[in-house]
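Naming convention: chains lettered A, B, ... in sequence-line order (proteins, then strands); numbering from 1 in each chain.
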2 protein chains.
Amino acid sequence: MAFPQRVNMSDVARAAGVSVATVSKVVNGRYGVAQATVERVQQVIHQLGYEASLGAQSLRSHRTNVLGILVAEFEPFSTELLKGASAEVTGTGYQLLAYSSGDAAGTAVGWERRSLARLSGTLIDGAVIVTPTVVETKQGFHVVAVDPHTGPSGLPTVDSDNFAGAVLATNYLLSLGHRRIAHISGRADLESSRLREAGFRQAMADAGVAVDERLVRVGGFRIESAAGTAAEMLALPDRPTAVFAGNDLSAISTMDVARCMGLSVPDDLSVIGFDNVPESALVNPPLTTIMQPIQRMGAEALRLLVDLIAGVERDSHIRLPTELVVRASCRPYSPPSSPL
Amino acid sequence: MAFPQRVNMSDVARAAGVSVATVSKVVNGRYGVAQATVERVQQVIHQLGYEASLGAQSLRSHRTNVLGILVAEFEPFSTELLKGASAEVTGTGYQLLAYSSGDAAGTAVGWERRSLARLSGTLIDGAVIVTPTVVETKQGFHVVAVDPHTGPSGLPTVDSDNFAGAVLATNYLLSLGHRRIAHISGRADLESSRLREAGFRQAMADAGVAVDERLVRVGGFRIESAAGTAAEMLALPDRPTAVFAGNDLSAISTMDVARCMGLSVPDDLSVIGFDNVPESALVNPPLTTIMQPIQRMGAEALRLLVDLIAGVERDSHIRLPTELVVRASCRPYSPPSSPL
DNA sequence: GTGAAAGCGCTAACAC
DNA sequence: GTGTTAGCGCTTTCAC
């Protein structure tokens, strides 16, 4: 069954013996078309398999019933978000368009602005932007930011309680008896990273444990960048007995490095992550981590966007709770057994 | 930093004191523009933050450097694929646009045709369609199907070796001593489902074990639909000791049902799945399953699409191998201990 | 080297 | 009720 060619509105009009304007009215359910005509046109549309071109439609009408999700790349975090948004969108009448700028995260600053400029005003009626660095609001175009890199702006936002989560993680390590605890952070310009580090310091202070500043270092939130940081800290003469990694990828990277250095996780080193991306359960040992309800964040962001477009008055800052997920990468501290 | 309005090409033209035609030439790197003009225009573009509208651009030029990935919804399988495609796309110069029709899988037949009609000819230069039922080729538009529901057509295809994988799964259960093995299939119209059932039957036959037809039933590949099927089979007087579920979701569903019926997995019932979506490792007990290299399938599909567009001659049917992933949901068969 | 003008597929006024 | 027309933002001849 091969359609020879893309069929457009004039094809339909010709076949139905009406003008394109009439076809347009039928397609969009406008009033002022005879019942008989409506039926005839619909029949032809069905026969020819006509579907309005998103590009042309949006160019003209500025309303497409398509919502955009803009990401730098499709990695575990953004795809979890996508699942949540996808589940939430059913029944709203909107369709979802996820757009990846193709830049590896951090590679090109400003991807969010470029993607937004490319799609807004045409194509999509609103957008969810995932972990944007800069956000600028265009007039009459609705945007929701998920886990933005900078602190709260006027923009509608969905994030999780990074500070409380970090406290949770640190307290867990403390409760296992660890005192030499390292923290691998993301980057100073990332709001979530700053909050996690702050939570770490708060929990340490509350427990009366001094933070060794040599054990707090930037890891960049990515596998490769975190590896170097982990290696440095684990090579210290008085290396940490536990690591609170700023996100799961850093934690996984730390476990890799530890293994390469002949250290066993969790026997010689406890590691806890942050995010609970599916991948965290797949590593060996399965990673103990702080769960952000990522899918729910996606769902909430989508719902918020739909409400904003509909003009519903509501709180436009959503913060979801985090939770400790205990797996197998942490263990109570025991002093190193002295050689026999 | 709030941009008041979307800036378009005439804004740039006006600010630079040239015509839109010239701006277009600069944007697209066409020859025949004075060096000085090029620089001036580029400066203005940068200042104003201009970015070409994808909608308008595609409408006119039929070339956008954007590749589409069309899915029914964003669920574990399609998002894994997305990760693979996303990794592969970097460096090709293309950007990725994932489009979800918003129909829950199986809800609306023909989503793939509608989505394709909406985006092709405008917006995207080619498409990867995920698990399409019907596929029709449009002239001059390149499409790659991943795991299509119907058997090999002329269309370029990427799938995994479903038959061999099913044999692997069944042999594993047989090697554990199981003989009453059930199979929950997808649907008869799904090629992957048919092949998995065929592999199951082949392995059973090769082992000289008769298939009890009451233990081979349709489950539909989704959590809800598989639950009923699982419940029926587990309620049989001589219930199976092991289940080979047609995909991970069916397997997870079966484990749920078993738990509800007071059966322990794997003590009372062994369960093996198919796909190895990340979620399969997250359930309790972690699911033993057959891995399809989903991310690699996404990467291969993308690469194939890029090559097709570039006119590269190559084999357009890619079949990737499957592999057994042993986790904790299966155990050697032991006769039920008789009550004391 | 540059700009005017046509037109991609569609929608929205406004005529008829 | 229906068709004519203009124009969304852009690219592309083709004059100048």
Side-chain angles (χ1 to χ4, degrees), chain A residues 5-41 44-45 48-66 117-125 138 140-141, chain B residues 5-42 45 48-66 117-125 138 140-141:
Chain A
Q5 199 82 16
R6 161 158 246 290
V7 353
N8 62 26
M9 205 171 251
S10 18
D11 295 330
V12 175
R14 202 176 313 114
V18 296
S19 72
V20 288
T22 302
V23 176
S24 174
K25 282 173 196 153
V26 171
V27 167
N28 296 288
R30 298 274 177 280
Y31 293 108
V33 184
Q35 187 56 34
T37 313
V38 171
E39 279 164 18
R40 185 152 38 93
V41 170
V44 173
I45 286 176
L48 265 47
Y50 169 75
E51 202 74 24
S53 154
L54 221 206
Q57 194 172 46
S58 67
L59 188 54
R60 198 51 239 247
S61 74
H62 292 194
R63 172 82 199 205
T64 57
N65 289 318
V66 175
R118 215 142 182 236
L119 302 182
S120 73
T122 48
L123 288 185
I124 54 177
D125 295 344
K138 314 241 166 193
F141 185 80
Chain B
Q5 199 82 17
R6 161 158 245 292
V7 357
N8 63 25
M9 204 170 252
S10 19
D11 295 331
V12 175
R14 203 176 312 115
V18 294
S19 72
V20 288
T22 302
V23 177
S24 173
K25 281 171 197 154
V26 171
V27 168
N28 296 286
R30 297 277 178 276
Y31 293 109
V33 183
Q35 188 54 34
T37 314
V38 171
E39 279 163 19
R40 184 152 38 92
V41 170
Q42 276 172 341
I45 286 177
L48 266 47
Y50 169 74
E51 202 73 25
S53 154
L54 220 205
Q57 193 172 46
S58 69
L59 187 55
R60 195 54 235 246
S61 74
H62 291 194
R63 171 82 199 206
T64 57
N65 289 318
V66 175
R118 245 185 134 200
L119 302 183
S120 73
T122 48
L123 287 183
I124 55 177
D125 296 344
K138 314 239 167 196
F141 185 80

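At its two ends the helix from C:dG1-D:dC16 to C:dC16-D:dG1 runs along axes set 40° apart, each axis drawn from five pairs and the angle rounded to 10°.
Within 4.0 Å of B:S58, counting heavy atoms only, lies no atom of the nucleic acid at all.
The line from OG1 of A:T22 to CE of A:M9 is 10.0 Å long, rounded to the nearest 0.5 Å. Here CG of B:D11 is found 12.0 Å from CD1 of B:I45. Values are rounded to the nearest 0.5 Å.
Take B:T37 and apply the side-chain hydrogen bond (donor to acceptor under 3.5 Å, both in side chains) test, not counting sequence neighbours, and it matches no residue.
Taking both residues in full, the closest heavy atoms of B:A13 and B:S19 are given as CB-C, 3.7 Å, listed atom of the first, atom of the second, then distance. Residue B:I124 comes nearest to B:F141 through the heavy atom pair O-CE1, 3.3 Å, listed as atom of the first residue, atom of the second, then distance. Residue A:A16 comes nearest to A:V41 through the heavy atom pair CB-CG2, 4.2 Å, listed as atom of the first residue, atom of the second, then distance.
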Exercise. Nucleotide by nucleotide, 5' to 3', does protein get under 4.0 Å of the base (B), only the sugar-phosphate (S), or neither (-) in nucleotides 6-16 of chain C, counting heavy atoms?
Worked result: BBBBBBB----
Run the side-chain donor-acceptor check on residues 26-33 of chain A: report pairs under 3.5 Å with partners two or more places apart or on a different chain.
residue, atom, partner, partner atom, Å
A:N28, ND2, A:S24, O, 2.7
A:N28, ND2, A:S24, OG, 3.4
A:R30, NH1, A:N28, O, 3.0

Compile the donor-acceptor pairs under 3.5 Å between side chains in residues 53-60 of chain A and protein atoms, sequence neighbours left out, one pair per line.
residue, atom, partner, partner atom, Å
A:S53, OG, A:G55, N, 3.4
A:S53, OG, A:A56, N, 3.2
A:S53, OG, B:T122, OG1, 3.2
A:Q57, OE1, B:R118, NH2, 2.5
A:S58, OG, A:L54, O, 3.1
A:S58, OG, A:G55, O, 3.0
A:S58, OG, A:L123, N, 3.1

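On the nucleic acid side, DNA chain D contacts chain B at distances under 4.0 Å to non-hydrogen atoms, with the end points of that region at D:dG9 to D:dT12.
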